[in-house]
Structure formats: structure tokens, C-alpha cells
Amino acid sequence: MKYWLAKTEPEEYGWDDLVASEDAMWNGVRNYAARNNMQRMAKGDPVFIYHSGKKPAIVGIAEVSRPHYDDPADPTGTWSVVNVRAKQKLKHPVHLSTIKKNKVFAESSLVKNSRLSVHELSEDQFNEVLSLSEKAIN
DNA sequence: GCCAACGTTGGC
DNA sequence: GCCAACGTTGGC
């Protein structure tokens with residue numbers, strides 16, 4: 001099992017939209033590194049949903065409900081999508097500022113490549129996010 | 001709103 | 001194949 005994090009702009013499509021749609025096609029990724037990560041997702045892998053923007057933070061957990069397939073909106077066949085399903089909102093959002101201060105994430109692409117929209121996390125990092133989400137101030 | 005970092009494009 | 005110019009993303 002692998003662990004993932006997918007970024008989204010909450011004004012465009014946020015956690016609440018994902019909950020409402022029940023099973024959503026995660027589309028619009030137009031970056032090779034992010035696409036390659038999506039192609040490595042397996043059904044059932046956990047995916048943190050991250051809101052970028054004013055208060056960047058991880059807000060909830062979803063899971064891959066369908067592994068990658070061709071983006072139906074892309075006639076060239078270059079880009080992929082997956083389907084994800086919301087599982088659980090985090091008790092408290094885990095802010096990027098917290099992640100940056102935490103040495104477990106020092107080598108993470110979350111810190112080193114802020115522009116990447118789909119990241120893989122280690123098991124330790126995944127568990128650290130879960131643990132941080134239990135704290136009101138993080 | 002600004003700007004740094006990154007990715008892509010296109011000229012050579 | 002290199003690299004300058006440009007566009008975009010996302011944190012602050």
C-alpha cells in the first residue's frame with residue numbers, strides 16, 4: 001500500500017465537493033510528475049486531500065476507488081485520471097506551516113517541491129499527519 | 001499582489 | 001541538445 005496527497009483549490013473543488021460527489025474523477029492534472037504519481041496509485045490507497053491557497057492544509061482522507069485511466073477530456077491520450085472517494089474529514093486540518101516545522105517531512109516533496117500537485121508520502125509521514133490532526137494547534 | 005520555483009516551448 | 005524566454009503554480 002502506498003500513501004498519497006492530492007492538492008486542490010478549495011474555491012474550485014474542495015473537500016465538501018468531494019463528499020457531495022461521493023465518487024469523483026480526479027481530473028485536470030497536466031504535469032508529468034503528478035501524472036506519474038497518479039499512475040502508481042492502486043485501488044484502496046489512502047489519499048490526503050489538501051487545500052492550497054490562503055491557508056494551505058490537509059483537510060481530509062479519501063481513497064482511490066478506481067486506478068488510473070485515460071482522461072476522457074484529453075484527445076491526445078497523454079493525461080490520466082483516477083477516481084477517489086472521500087472517507088473522513090480530519091478532526092483538525094494539518095497546516096503546511098506545521099508540516100514544514102516537522103522533521104519527518106524535511107525530505108518530503110511537500111516541502112521541497114511545493115508546486116507538485118500529487119505527492120507520495122511514506123508510511124511514517126502518513127501516520128504523522130494522522131497524529132497531528134488530533135491536535136487542535138498544529 | 002508579489003515573487004520564487006518550476007515546467008514548457010521554441011530558436012538556434 | 002541546450003538554453004533563454006515565457007507562463008503557471010502556489011506560498012507568503
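Just so it is clear: chains get the letters A, B, ... in the order the sequence lines come, proteins before strands, and each one is counted from 1. Predicted, not measured: the structure shown is a model, and the values here were computed from it.
Going from atom OH of Tyr32(A) over to atom P of dT8(C) covers 16 Å, rounded to whole Å. As a whole-Å value, the separation of Ile58(A) CD1 from dG11(C) C1' is 15 Å. As rounded to whole Å, 10 Å separates atom C1' of dT8(B) from atom CH2 of Trp79(A). Summarising the geometry, the separation between NE2 on His51(A) and P on dC12(C) is reported as 17 Å, rounded to the nearest angstrom. Counting to the nearest Å, the P atom of dG10(C) and the CG atom of Leu110(A) are 12 Å from each other. A straight line from CG of Asn36(A) to P of dG7(B) spans 12 Å, rounded to a whole angstrom. The distance from atom NZ of Lys101(A) to atom P of dC12(C) is 11 Å, rounded to the nearest whole Å. Note: NZ (Lys54(A)) to C1' (dG1(B)) measures 13 Å, nearest angstrom.
Near DNA chain B, meaning a heavy atom under 4.0 Å away, the residues from residues 112-121 of chain A are Lys112(A), Asn113(A), Arg115(A).
At a threshold of 4.5 Å between non-hydrogen side-chain atoms, the residues Val64(A) and Asn83(A) do not count as touching. Within the 4.5 Å cutoff, the side chain of Arg66(A) has no heavy atoms near those of the Met25(A) side chain. Inter-residue side-chain proximity for Val84(A) and Glu63(A) is flagged as unmet; no heavy-atom pair is nearer than 4.5 Å.
In this model, the phosphate group of dG11(C) is approached by a side-chain N or O of Tyr50(A) to a distance below 4.0 Å at OP1 or OP2. OP1 and OP2 of dG10(C) both lie 4.0 Å or more from every side-chain N or O belonging to Lys100(A).
Side-chain rings of Phe48(A) and Phe126(A) approach one another, their centers coming within less than 6.0 Å. Between Trp15(A) and Tyr50(A), the ring center distance fails the sub-6.0 Å criterion.
Residue pairs that meet the salt bridge (Lys or Arg N to Asp or Glu O under 4.0 Å) test with at least one member in residues 21-43 of chain A, sequence neighbours left out, are Arg30(A)-Asp71(A), Arg40(A)-Glu120(A).
Cluster annotation: Ile49(A) is not connected to Val94(A) through the hydrophobic network of ILVMFWY side chains, with a link wherever side-chain heavy atoms come within less than 4.5 Å.
Within 4.0 Å of Lys7(A), counting heavy atoms only, lie sugar-phosphate atoms of the nucleic acid but no base atom.
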